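In what follows, residues are counted from 1 in the order of the sequence shown. First listed ligand is number 1; within each ligand, the first listed atom is number 1. Computed from a predicted model, the values in this text were never measured in an experiment.
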Amino acid sequence: MTSAELANEREYVAALYARLDALRDEAAGELLKVRAGNQGGTHQNRSERDAFARIYEDRVSQLTEIDERLAFGRLTLDDASAADSDGVTHRYIGRIGLRDENLQPILLDWRVPQARAFYQATAANPLGARARRHLTSKGRDIVRIDDEIFDSALLEGDTSALQGEASLLASLTAQRTGRMGDIVATIQAEQDRIIRSELRGVLVVQGGPGTGKTAVALHRAAYLLYSHRERLASSGVLIVGPSRSFLQYIEAVLPSLGETGVVLSSVGQLFPGHDTSADDAADVARLKGSAEMAPLLARAVKSRQIVPREASTVEVNGEKLVVEPQLIRNAMQRAWEGRKPHNVARAAFNKAALSSLARSLAEQLRARGNTIEDSDQAWLREDIRTSYDVKVLLNTAWMPLTPEKLLQDLYARPQWLATLTGDWSPAKRALLHRERDADFTVSDVPLLDEAAELLGEADNKGDAEKRERKQQRKRDIENAEQAIRNMGVEGLVDAESLATGFEGFVERGSTAELAAADRTWTYGHIVVDEAQELSPMQWRLLLRRCPLKSFTIVGDVAQASAAAAATDWDGALSPVFGDSWRLEELTVNYRTPAQIAETAESMAIAHGLVVTRSRSVRSSEWPVDIRETPDVAAAVLDIVRSDRALDALGTVAIIASASQADDLYATLATDLRGGIGRGAAGLRRAVAVLTPQESKGLEFDTAIVVEPQLIVDEIDRGAAALYVAMTRPTQRLHLVASGAIPRGIRTP
Ligand SMILES: Nc1ncnc2c1ncn2[C@@H]1O[C@H](COP(=O)(O)OP(=O)(O)OP(=O)(O)O)[C@@H](O)[C@H]1O
């Protein structure tokens, strides 16, 4: 690399920033114009102008925010027709695409097909590229360039220029902030292939800890939103993660890639209106997650459609009428024929029962010598409908139900549960027992959803309104597309944002907002992270959210530690997707230094876990530190202090089983005061105290794993939990124990 080359790049990137500033000024000018013209016209004209004003505002802030690392790469391509005297063309790759005044591209969005070679070219398969250059910037300035040459003709005898991994290593050793950042500048070829894999079907990405599964899943979401904007704008993308703290950790990645229209949800939040984070004991969670809960709930609903054992007498306007059980049974039969959910079918049941009752009443009155014309049927029906006795009779036979009530009854009424589970042991039934007012747990969420599916909406009006809202959203997007064509601003604004701008017209909300609040919403694509943890009931829920079965599923079966989790993909996925899913593997560990990864893998293998071996891209200077001491808290404090002395701004996780974590936090908080936090709150502090479960998917400069043998012994699937804990650090791992050190750790 010569200083002249660096100077050239500085000049080019400075010109890109100049263009960025000009575009921003232009958008700001347009905004002023739209605002100035914002009087008069029809209501619709005004509303459209409001919408455009919002678009320009967004555009201005997007162009302002993109300032960091606007351009990060350059491809050198063979091009005989190029104006360049060397017969080569350069293409710059960045976070957004830019064109000059003559509409010639001067910067390519990283997601366009022409940018593929930047991520995938190799010397063996250069994909038309002769060289690739990584640009490292500080603020707006380029401070370093690193070249990879695929064509020997371009080498100037100096092969030390082959240092493509330099910017990757720089980003990997950078201090962790407690929030995940994007990796657009350094996406690796095996990752890029997964990111750009086609939208259709089910893609499963398996990889050991730190292989970039989460990073890849998020960049794939950004890629799909960009490449399939038309389809995904109105249906939306859902990203599911294991916990709120995990969502907090990843939430900045998509906005930094310019994508805000996704729904992020933890598994505990997938049933709108409930936000759960606590879970049941392992054996209870395992039962609640098992597929046998689906037929049990179906039986529970069916058993709430009750044919009376004996005839009953109802009073209608002073007239006594005997109602035989057969009349109710027949009405139920009619309702079942419609194959509708319980609350919806109830309307058909009521209708059929009321008609039969009206007929019986008419016959009874006629038998007594009254004249009843056909035209009198209507008021007879009305009399029956408003009769208190009839209401009680029909409601007892077919009560409207909510998912919450169904589940609470099932848990709090052991006798009813017993009638539904004749083949269960009493001990198994007891697992479900709990008080009616107990809080719902994460494992209840898919059961609530299953129940809601079986029950349907209690009032059909709600259903109709939701359908209308969805249709309206589709119409808004079509109108927005038309408006964009009319105003000649294609490429500047997208229909999704413009349609959202129409909400001034009627308060409707963005696709993401609508989707998040609506249980019956079906998404265009779903990304599931830490997917190995999902139970069969959770998979059923997710499938209902995307019947088109367009999924990206990432995880590591060796890290499966939830009670109802699967230990192989086939077992987890075949009941949901059959064999129509494709598997990709990630094999390079970007997070954990080699000596830590090896120790963790050795422990995992010694405990019988099937790990996907991966290659660490680096090692760090700190060997795994094992401390055996009777005073664990003092040792942890000592390690935290020396770690802070080594790296005052780094992040530290203290990972301990639940029985230890709270006490440790209480002890350490006295010494570390505001610098330490428990659970998700710890992620905003220098030191976080977490259980292995809470640490899932996260990473820290240093991890201190406390009483590792207790983690193995106390937690269901404890070895997997310890494997998760040991693979969190990017630099240093300490193990502190007053008791035994788990098998496999001393002999890496
Ligand atoms: N191509 C890349 N360039 C730079 N950093 C990367 C790249 N790929 C992954 N990383 C970094 O490696 C770390 C681990 O990535 P990530 O959290 O996505 O791994 P994971 O496979 O989901 O791990 P786990 O299974 O342990 O949750 C993150 O800091 C991520 O930013």
Side-chain angles (χ1 to χ4, degrees), residues 69 72-73 110 118-120 134 136 164-195 204-221 239 241-243 245-247 249-250 252-253 256-257 527-533 552-561 584-593 596-597 600-601 604 609 611-612 614-618 651 653 655 690 692-701 703 720-731 733:
R69 290 180 296 146
F72 48 77
W110 64 279
F118 180 72
Y119 298 111
Q120 295 199 4
H134 290 267
T136 308
E165 286 187 6
S167 43
L168 172 66
L169 285 177
S171 94
L172 296 181
T173 45
Q175 224 160 36
R176 288 334 196 231
T177 60
R179 301 196 107 194
M180 190 170 200
D182 72 69
I183 60 162
V184 260
T186 51
I187 292 169
Q188 300 296 296
E190 68 171 13
Q191 299 176 322
D192 188 66
R193 269 192 298 281
I194 294 172
I195 291 169
V204 179
V205 183
Q206 158 70 34
T211 50
K213 297 182 295 297
T214 301
V216 164
L218 294 172
H219 287 72
R220 176 161 163 77
I239 296 184
S243 61
S245 44
F246 177 79
L247 297 183
Y249 171 63
I250 63 164
V253 177
S256 83
L257 299 173
V527 175
V528 192
D529 203 341
E530 303 286 349
Q532 75 280 352
E533 302 295 346
T552 302
I553 293 169
V554 309
D556 177 12
V557 278
Q559 294 182 58
S561 57
E584 293 280 354
E585 284 199 85
L586 288 172
T587 57
V588 179
N589 181 345
Y590 300 95
R591 175 193 301 133
T592 328
I596 297 178
E601 277 177 14
L609 298 182
V611 298
T612 311
S614 52
R615 180 173 60 84
S616 289
V617 286
R618 66 195 171 98
T651 55
I655 310 178
L690 304 165
Q693 192 63 25
E694 289 164 342
S695 75
K696 209 155 259 264
L698 310 182
E699 65 185 25
F700 304 84
D701 294 298
L722 179 57
Y723 183 50
V724 170
M726 289 175 71
T727 50
R728 296 308 99 198
T730 63
Q731 304 289 357
L733 172 65

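Nearest non-hydrogen protein atom to atom 14 (C) of ligand 1 is Glu699 OE1, 3.5 Å. The single protein non-hydrogen atom nearest to atom 25 (O) of ligand 1 is Lys213 NZ, 2.6 Å, given as residue, atom name and distance. Of the protein's heavy atoms, Ile183 CG2, 3.6 Å lies nearest to atom 6 (C) of ligand 1. The closest protein non-hydrogen atom to atom 12 (O) of ligand 1 is Tyr590 CB, 3.4 Å. With respect to atom 3 (N) of ligand 1, the closest heavy atom belonging to the protein is Thr186 OG1, 2.7 Å. Protein heavy atom in closest approach to atom 17 (O) of ligand 1: Arg591 NH2, 3.1 Å. Closest to atom 8 (N) of ligand 1 among all protein heavy atoms lies Gln191 NE2, 2.9 Å. Ranking the protein heavy atoms by distance from atom 15 (O) of ligand 1 puts Gly212 CA, 3.5 Å first.
Here Thr211 has heavy atoms under 4.0 Å from ligand 1 in both its backbone and its side chain. In Gln559, the part holding a heavy atom less than 4.0 Å from any atom of ligand 1 is the side chain.
The aromatic rings of Trp110 and His219 lie perpendicular to each other, with more than 60° between the two planes, well past the 30° mark.
When side chains are defined from C-beta on, Arg615 does not count as touching Thr587, because their heavy atoms never get closer than 4.5 Å. Side-chain contact between Leu586 and Gln206 is absent, with no heavy atoms from C-beta onward closer than 4.5 Å. Side-chain contact between Ile195 and Ile187: present, with at least one pair of heavy atoms (C-beta onward) separated by less than 4.5 Å. By the 4.5 Å heavy-atom criterion applied to side chains, Thr214 and Phe246 are counted as neighbours.
Between the side chain of Glu699 and the backbone N or O of Gly697 there is no donor-acceptor pair closer than 3.5 Å. Looking only at distances, a side-chain donor or acceptor of Asp701 sits under 3.5 Å from a matching main-chain atom of Thr651. No donor-acceptor pair closer than 3.5 Å links the side chain of Tyr723 to the backbone N or O of Ala560. No donor-acceptor pair closer than 3.5 Å links the side chain of Lys213 to the backbone N or O of Val554. Side chain of Arg618 to backbone of Arg591: a donor-acceptor contact under 3.5 angstrom is found.
Close approach of ligand 1 to Ile187 is summarised as follows: ligand atoms under 4.0 Å from at least one heavy atom of the residue are 1 (N). Proximity to Ala215 (heavy-atom distance under 4.0 Å) selects the following atoms of ligand 1: 18 (O). Of all atoms in ligand 1, listed by their number and element, those nearer than 4.0 Å to a heavy atom of Gln188 are 1 (N). Numbered from 1 in the order shown, with element, the atoms of ligand 1 that lie under 4.0 Å from a heavy atom of Glu530 read 27 (O). With ligand atoms numbered from 1 in the order given, ligand 1 contributes 27 (O) to contacts under 4.0 Å with heavy atoms of Gly697. Short contacts between ligand 1 and Gly208, defined as distances under 4.0 Å to a heavy atom of the residue, involve ligand atoms 21 (O).
Here the straight-line distance linking atom CD of Glu530 with atom CD of Gln693 works out to 9.0 Å at 0.5 Å rounding.
The closest approach between a heavy atom of Asp556 and any atom of ligand 1 is not below 4.0 Å. Residue contacts with ligand 1: Met180 is included, with a non-hydrogen atom under 4.0 Å away.
When Thr552, Val205, Val216 are each tested for a side chain to side chain contact (heavy atoms under 4.5 Å, CB included) with Val527, only one passes: Thr552.
Of the N or O atoms in Gly207, none lie within a sub-3.5 Å distance of an N or O in ligand 1.
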